[in-house]
There are 2 protein chains.
Amino acid sequence: MSKNTVNPKNVSDLASLFDALSDPTRILIIHALLEGEVGVGELVEHLGLTKSAVSHQLRGLRDKRIIRTRKQGRNVFVSIDDEHVIDLFQRGLDHILHG
Amino acid sequence: MSKNTVNPKNVSDLASLFDALSDPTRILIIHALLEGEVGVGELVEHLGLTKSAVSHQLRGLRDKRIIRTRKQGRNVFVSIDDEHVIDLFQRGLDHILHG
DNA sequence: CAAATAGTTGAGCAACTATTCAACTATTCG
DNA sequence: CGAATAGTTGAATAGTTGCTCAACTATTTG
């Protein structure tokens, strides 16, 4: 069955999971997605970064299966793919707000 | 009353909180501390890094008030200072282990 | 079809990070 | 006291990261 819960793979996966939430831009992206699906263009406007910067971050989050993207015409819509991450996010936020 | 929950300070604090857990060495340190206080020497041995590397990481974690250190003679003992972080850690671990 | 719009991709770069090394402080022990 | 042990500190460095820029693909619209 499962070996020790902290084999090297688990350690790096866990670090990688938290790493997804370790940057202000990604925090804002995930926050914007908490209420539901959002377009890439909206994210760009909201974040005040270039489309490129946002696209790069979205790719990283998609590679980690934290978000999902859906293309409709020339627009791309983004939503949370990993609901557990919402829970981590909320708990982290609760902690820093009323800690 | 409370401002918007995502003012820039909160965003950067939240990123910083998750950042503390975003590195394999720090994951192993916190994991080692879950059962209680551990000596720096034990950590060094367990991690297979130099005393210096471990000390640098411990300083970072202490600066963020995630761990606390206590000196006894020439030894330094480390323990978790922020119990909320244990909860985040456990939830992250649960997530990568079972689903 | 061409022009416009939405987003992606890869290169390049400045800033940051995790580690090591060497020198240091602090404590114990003979 | 001096030697040994435990840990810290700062500089140097190799590697990573987040962003921008320019060029690209894909889609819609005239």
Side-chain angles (χ1 to χ4, degrees), chain A residues 6 8 11-33 37-81, chain B residues 6 8 11-33 37-81:
Chain A
V6 281
V11 169
S12 109
D13 284 355
L14 190 50
S16 169
L17 170 64
F18 287 119
D19 188 55
L21 300 165
S22 72
D23 170 79
T25 296
R26 290 190 293 274
I27 290 286
L28 288 170
I29 289 172
I30 291 168
H31 182 261
L33 296 176
E37 196 177 56
V38 173
V40 170
E42 271 183 87
L43 287 175
V44 167
E45 203 177 340
H46 182 241
L47 297 172
L49 291 176
T50 62
K51 293 188 290 183
S52 179
V54 174
S55 184
H56 281 302
Q57 291 289 6
L58 293 177
R59 180 156 58 119
L61 291 169
R62 199 176 42 220
D63 288 350
K64 293 184 178 177
R65 319 253 160 174
I66 285 168
I67 62 167
R68 178 180 346 115
T69 56
R70 167 177 80 84
K71 192 167 181 180
Q72 186 177 275
R74 17 178 197 204
N75 300 306
V76 171
F77 295 92
V78 188
S79 54
I80 301 275
D81 193 25
Chain B
V6 282
V11 169
S12 110
D13 284 356
L14 190 49
S16 170
L17 170 63
F18 287 119
D19 189 56
L21 300 166
S22 72
D23 170 80
T25 296
R26 290 191 292 273
I27 290 286
L28 288 170
I29 289 172
I30 290 167
H31 181 261
L33 297 175
E37 197 177 56
V38 173
V40 170
E42 272 182 86
L43 287 175
V44 168
E45 204 177 339
H46 181 242
L47 296 173
L49 290 176
T50 62
K51 293 189 291 185
S52 180
V54 174
S55 185
H56 281 302
Q57 291 289 6
L58 292 177
R59 183 155 57 119
L61 291 169
R62 200 177 41 221
D63 287 350
K64 291 184 180 179
R65 319 257 160 171
I66 285 169
I67 63 168
R68 177 181 345 116
T69 56
R70 166 177 82 81
K71 190 167 183 181
Q72 184 177 277
R74 3 175 209 210
N75 300 307
V76 170
F77 295 92
V78 188
S79 54
I80 301 274
D81 193 25

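Every chain is numbered from 1 and lettered A, B, ... according to where its sequence line falls, protein lines coming before strand lines.
Residue A:N75 is the one, among A:A53 and A:N75, whose nearest nucleotide of DNA chain C lies closer to the 5' end (criterion: closest heavy atom).
With hydrogens and angles ignored, a donor-acceptor pair closer than 3.5 Å exists between the side chain of A:H56 and the base of D:dT20.
Under 4.0 angstrom from either OP1 or OP2 of C:dT20 there lies at least one side-chain N or O belonging to B:T50. For C:dT9, one of the phosphate oxygens OP1 or OP2 lies less than 4.0 angstrom from a side-chain nitrogen or oxygen of A:R59. Between D:dC19 and A:Q57, a contact under 4.0 Å exists linking OP1 or OP2 to a side-chain N or O. Note on B:S52: every side-chain N or O is 4.0 Å or more away from OP1 and OP2 of D:dT9. One finds a side-chain N or O of B:R26 lying less than 4.0 angstrom from the OP1 or OP2 phosphate oxygen of C:dA18.
We find that CZ of A:R70 is positioned 20 Å from P of D:dA26, with the value rounded to whole Å. Here the P atom of nucleotide D:dA26 and the CD atom of A:Q72 are 19 Å apart, to the nearest Å. In this structure, B:L47 places its CG atom 13 Å from C1' of C:dT19, rounding to the nearest Å. Between B:K51 atom NZ and C:dA18 atom C1' there is a gap of 19 Å when expressed in whole angstrom units.
Of the candidate nucleotides C:dG7, C:dC29, D:dC19, C:dC29 has the atom lying nearest to any side-chain atom of B:R74. For B:R62, the listed nucleotide lying nearest its side chain is D:dT8; candidates were D:dG18, C:dT27, D:dT8.
A:L49 and A:V44 get closest at one heavy-atom pair: O-CG1, 3.4 Å.
Note that CD1 of A:I29 is 5.5 Å distant from CG of A:L47, once rounded to the nearest 0.5 Å.
A:Q57 has its side chain within reach of A:D23: a pair of non-hydrogen atoms, C-beta onward, lies under 4.5 Å apart.
Put simply, the side chain of B:S22 gets close to the backbone of B:D19: a donor and an acceptor are under 3.5 Å apart. Of the possible polar contacts, none joining the A:R70 side chain to the A:V78 backbone as a donor-acceptor pair under 3.5 Å is found.
Residue contacts for A:L49: at a heavy-atom cut-off of 4.0 Å it reaches the sugar-phosphate backbone alone, with no base atom in range.
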